[in-house]
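One structure is given here, and the rest of the page talks about it.
Chain letters run A, B, ... following the sequence lines, proteins first and then strands; every chain starts at 1.
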There are 2 protein chains.
Amino acid sequence: MELSPTARVILGFLAVGPKSGYDIKQRVDKSTRFFWAASYGQIYPELKRLVAIGLVEPAGEATGGRRRITYRITPAGDEALEAWLEGPEQLHELRDEGLLKLFFAGLAGEETVASVLERKLDAHTEAIERLREIEPKAAAAGRFGPLHVLRYGLALNEFSAEWCERTLVEVKREK
Amino acid sequence: MELSPTARVILGFLAVGPKSGYDIKQRVDKSTRFFWAASYGQIYPELKRLVAIGLVEPAGEATGGRRRITYRITPAGDEALEAWLEGPEQLHELRDEGLLKLFFAGLAGEETVASVLERKLDAHTEAIERLREIEPKAAAAGRFGPLHVLRYGLALNEFSAEWCERTLVEVKREK
DNA sequence: CTGCACATGTAAACGGTTACATGATTGA
DNA sequence: TCAATCATGTAACCGTTTACATGTGCAG
């Protein structure tokens, strides 16, 4: 029983505790979105599919107030999640338009190369700031996975930012 | 005139010199595929679209032998390419299933965490090997962009591999 | 009482991969 | 002569984003 891409995040978050589709989306946006995004257009239909195949079950509607449907992972869901975690496949895809531009920027002159690098540097700097804001919360929560993944993201962006700076210096020296 | 994602690679490679769709695919697979992939299913239709809007033109069919359609970038195509290179947008997307697994792997115990890290390490090690094989060729070609992008890829994968190793040690120490 | 955040959902469009179809040429 | 590679192309499918539709409850 192969899990769809979106099912992987959903089951993961439901394994931590029952949540609504809305909840899941909020969590994704504050954590996994940097390496695994999901939109409402995927989450809501996927939740229904997961219920249909018995990996997830409704855990009661709104306790008073607002409409709200909470879901809980089933034992079958736990099994499927574990099977996925232990499976060998680990897709890795990168789409980096800055790198693509850099690849061709030589055709347009050194100024273009420099501005491409500067914008890539900006993007990494911003990412670092956003991740630093989140870090204290992740550290306080004390869960191993989220914290280490966050620190990896931080370190990776710092590495990339420094690489952009070094390469910028090199480009300007050659000019 | 916004360039479609695939049009960006196509125009870039055609700016270096005339090529067929098949050529472009080969080049992509040997270079940009690590951060910007493209399949025949996109390249051939996109070439036709680019001809239709005048950014690219046919540069003659097969000189004897095999069937083969070569394309050349037009002045309008050069302009569009430069406009794209100088534009501010630089999409950056990452899909890293290893990180997603790591995010949740704590739920399944430390052995799962370790095996997820080991497989991520393997993936980066393999990437390093593949990139090292290509490097001498890129260095010999002497074009700034491709060489620096390749070295960035190499450095990034080395960084990630080392991070996996360090984190593995940490995980095993805690056990 | 108004605007914002909560909350769920669907439809259309887009971008991409994969599989399939076709056929020519080259080298073993 | 047979397999591999060259070479172009299309159709089906999948996953994803975006825009839209609808309505609730709370705070100012």
Do nucleotides 3-15 of chain C as a string where each nucleotide becomes B, S or -: B if the base has a protein heavy atom under 4.0 Å, S if just the sugar-phosphate does, - if no protein is that close. --BBBBBB-----
What integer distance in Å separates [X]:[atom1] from [N]:[atom2]?
| X | N | atom1 | atom2 | value |
| --- | --- | --- | --- | --- |
| B/Arg27 | D/dC6 | CZ | P | 13 Å |
| A/Trp36 | D/dT17 | CH2 | P | 11 Å |
| A/Leu91 | C/dT17 | CG | C1' | 12 Å |
| A/Asp29 | D/dT17 | CG | C1' | 13 Å |
| B/Lys19 | D/dA7 | NZ | C1' | 17 Å |
| B/Arg49 | D/dT10 | CZ | C1' | 13 Å |

Can you list the residues that meet the side chain to side chain contact (heavy atoms under 4.5 Å, CB included) rule with [X], with sequence neighbours excluded?
| X | value |
| --- | --- |
| B/Ser31 | A/Phe103, B/Phe13 |
| A/Ala127 | A/Arg130, A/Asn157 |
| B/Arg132 | B/Ile128, B/Leu154, B/Glu158 |

Quick one: salt bridge (charged side-chain N to carboxylate O under 4.0 Å, His left out) pairs with a partner in residues 71-81 of chain B, sequence neighbours left out?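 Counting only pairs at least two positions apart or across chains, the salt bridge (charged side-chain N to carboxylate O under 4.0 Å, His left out) contacts touching residues 71-81 of chain B are B/Glu57-B/Arg72.
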Once salt bridge (charged side-chain N to carboxylate O under 4.0 Å, His left out) is applied, what residue pairs with a partner in residues 24-41 of chain B remain, sequence neighbours excluded? B/Lys25-B/Asp29
Short question: side chain of A/Arg119, backbone of A/Ser115 - any donor-acceptor pair under 3.5 Å? yes
Does B/Thr70 reach the main-chain N or O of B/Pro18 with its side chain, forming a donor-acceptor pair under 3.5 Å?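 Such a contact is absent between B/Thr70 side chain and B/Pro18 backbone.
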Tell me the stems DNA chain C sits in, counting at least three consecutive Watson-Crick or G-U wobble pairs, each under 3.5 Å on both distances.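 For DNA chain C the paired stretches long enough to count as stems (3 pairs minimum) are C:1-28 with D:1-28.
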Could I get the full list of salt bridge (charged side-chain N to carboxylate O under 4.0 Å, His left out) partners for B/Arg49, not counting sequence neighbours? B/Glu46
Contact list please: residues 7-17 of chain B against DNA chain D, heavy atoms, distance less than 4.0 Å, in numerical order.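 Correct list: empty, so none.
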State which residues pass side-chain hydrogen bond (donor to acceptor under 3.5 Å, both in side chains) with A/Glu97; sequence neighbours excluded, sorted by chain then number. B/Arg8, B/Trp84
Under 4.5 Å between side-chain heavy atoms, chaining through other members, with only Ile, Leu, Val, Met, Phe, Trp and Tyr counted: pull out the rest of the cluster around A/Tyr44, sorted by chain and number.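 Joined to A/Tyr44, directly or through intermediates: A/Tyr22, A/Tyr40.
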Pairs satisfying ring pair (Phe, Tyr, Trp, His ring centres under 6.0 Å), at least one member in residues 117-145 of chain B, at least two apart: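 The answer is A/His92-B/His124, B/Phe144-B/His148.
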